[in-house]
Amino acid sequence: MLRFNEATRHPPDDGDLTSPFVNSLPVAAAAISTFGGIFGTALVAASGPRAATADEQQVALGEGPGWSALRDRSLVAVYDFATASAEDWPTALVMLQRTGWSGVLSFPLFTSSLNIGAVTLYLTDTKPFSSAEITHATHLAVLTAQRILAGAVRDMGAGATPAVASVSHPSGRHIQQATGMVAAQLDVSVENALLIIRARAFANSQPLHTLAEAILDRRVNLHHDEDDHQAG
């Protein structure tokens, strides 16, 4: 495991946002998602498929430890899902309890007055973090927020939108693309299109990225579903 100062001194390539957390902290996995605003709502990066699936539950539901961390701009720590109660995200808690992780820590990602998202660390051990580990993770979260913002600024200068530019994980890109497609099909805002996709995924107990891929492959057409609903 890397020492704290090594993780800070030797940051990874721009495309790898989670390795500083996984390599220098006692966590099993990490995932980063953006939650609304100019960055959109999507999974940005994950250290593995299980973490990606778990974080997508937050994206799909619009609630979870990451959402709460960003809203309050403070750490949300749940070391043991088995004994946890989460008034702010009860549905997400049930979903997370099914993922096999023992708990999570979510750190907000923001710069000044700009909210970006959260990094969620997934645990297989219920042992609480030390104060030094929390301080280190908080520092890494600050650096991560700065990297995401810097990347968005670069892409805006090149003519891309921050929401698309900030999504480096394939499933996040698929969700963004599917949202745009549904917005065009239904003639609704991007925000409402994402809500429609989330509702469909939740109703079918389907991972958000799986539904997004089906929309992009034209195996699912929400425009037809809407027409059928109105006809009924």
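Atoms CD1 and OG1, from Ile116 and Thr34 in turn, are 9.0 Å apart once rounded to the nearest 0.5 Å. With rounding to the nearest 0.5 Å, the separation of OG1 in Thr179 from CG in Asn192 is 11.5 Å. The NE2 atom of His136 sits 8.0 Å away from atom CZ of Phe21, with the distance rounded to the nearest 0.5 Å. From Leu17, atom CG reaches atom CZ of Arg147 across 4.5 Å, with rounding to the nearest 0.5 Å. For the atom pair Ser24 OG and His139 NE2, the distance stands at 10.5 Å (nearest 0.5 Å).
Considering all non-hydrogen atoms of both residues, Ser189 and Ala183 come closest at O-CB, 4.1 Å. In plain terms, the two heavy atoms of Ala28 and Thr124 that are nearest each other are CB-CG2, 3.7 Å. Between Ala30 and Leu121, the closest heavy-atom pair is CB-CD2, 3.7 Å. Scanning all heavy atoms of the two residues, the minimum distance from Ala31 to Ala51 falls at CB-O, 3.8 Å. In plain terms, the two heavy atoms of Ala193 and Val188 that are nearest each other are N-CG2, 3.9 Å. Scanning both residues, Thr111 and Leu149, for their nearest heavy atoms gives OG1-CD2, 3.4 Å.
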* Go through Phe35 and Asn115 one step at a time and tell me if the side-chain contact (heavy atoms from CB on, under 4.5 Å) criterion holds. => CA-CA 8 Å; Phe35 297 132; Asn115 285 343; over 6 Å; no
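With hydrogens and angles left out, the side-chain atoms of Thr126 and Ser102 include no donor and acceptor closer than 3.5 Å. Remark: the Asp55 side chain and the Tyr122 side chain contain an N/O donor-acceptor pair separated by less than 3.5 Å.
Ile32 and Leu114 fall within the same hydrophobic cluster, defined by Ile, Leu, Val, Met, Phe, Trp and Tyr side-chain heavy atoms under 4.5 Å apart, directly or through other members. Both Val44 and Val27 sit in one connected hydrophobic cluster of ILVMFWY residues. Membership requires side-chain heavy atoms under 4.5 Å apart, directly or through other members. Note on Val142 and Ile148: separate hydrophobic clusters, where clusters join Ile, Leu, Val, Met, Phe, Trp and Tyr whose side-chain heavy atoms are under 4.5 Å apart, directly or indirectly.
Using a 4.5 Å heavy-atom cutoff, the side chains of Val220 and Leu222 are in contact. The side-chain heavy atoms of Leu96 and Trp101, taken from C-beta on, include no pair separated by under 4.5 Å. Leu25 has its side chain within reach of Phe129: a pair of non-hydrogen atoms, C-beta onward, lies under 4.5 Å apart. Side-chain atoms of Trp67 and Gln58, non-hydrogen and from C-beta on, do get closer than 4.5 Å to each other. At least one side-chain heavy atom of Ile215 sits less than 4.5 Å from a side-chain heavy atom of Ile197. Leu109 is not listed as a side-chain neighbour of Leu70, based on a closest heavy-atom distance of 4.5 Å or more. Looking at Leu105 and Leu123, their side chains come closer than 4.5 Å, going by heavy atoms from C-beta outward. At least one side-chain heavy atom of Phe110 sits under 4.5 Å from a side-chain heavy atom of Arg73.
Annotation: side-chain contact (heavy atoms from CB on, under 4.5 Å) contacts of Met95 (sequence neighbours excluded): Gln57, Leu61, Arg98.
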Under 3.5 Å, which donor-acceptor pairs do the side chains of residues 80-91 form with other protein atoms, sequence neighbours left out?
| from | atom 1 | to | atom 2 | distance (Å) |
| --- | --- | --- | --- | --- |
| Asp80 | OD1 | Ala82 | N | 3.0 |
| Asp88 | OD2 | Arg71 | NH2 | 2.9 |

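Using a distance-only test at 3.5 Å, with no hydrogens or angles considered, no donor-acceptor pair links the side chain of Asp72 to the main chain of Ser74.
A side chain to side chain contact (heavy atoms under 4.5 Å, CB included) with Pro65 is found for one member of Leu93, Val104, Val78, Leu75 and no other, namely Val104.
One finds a salt bridge joining Arg219 and Asp217 here, because a Lys/Arg side-chain nitrogen approaches an Asp/Glu carboxylate oxygen to under 4.0 Å.
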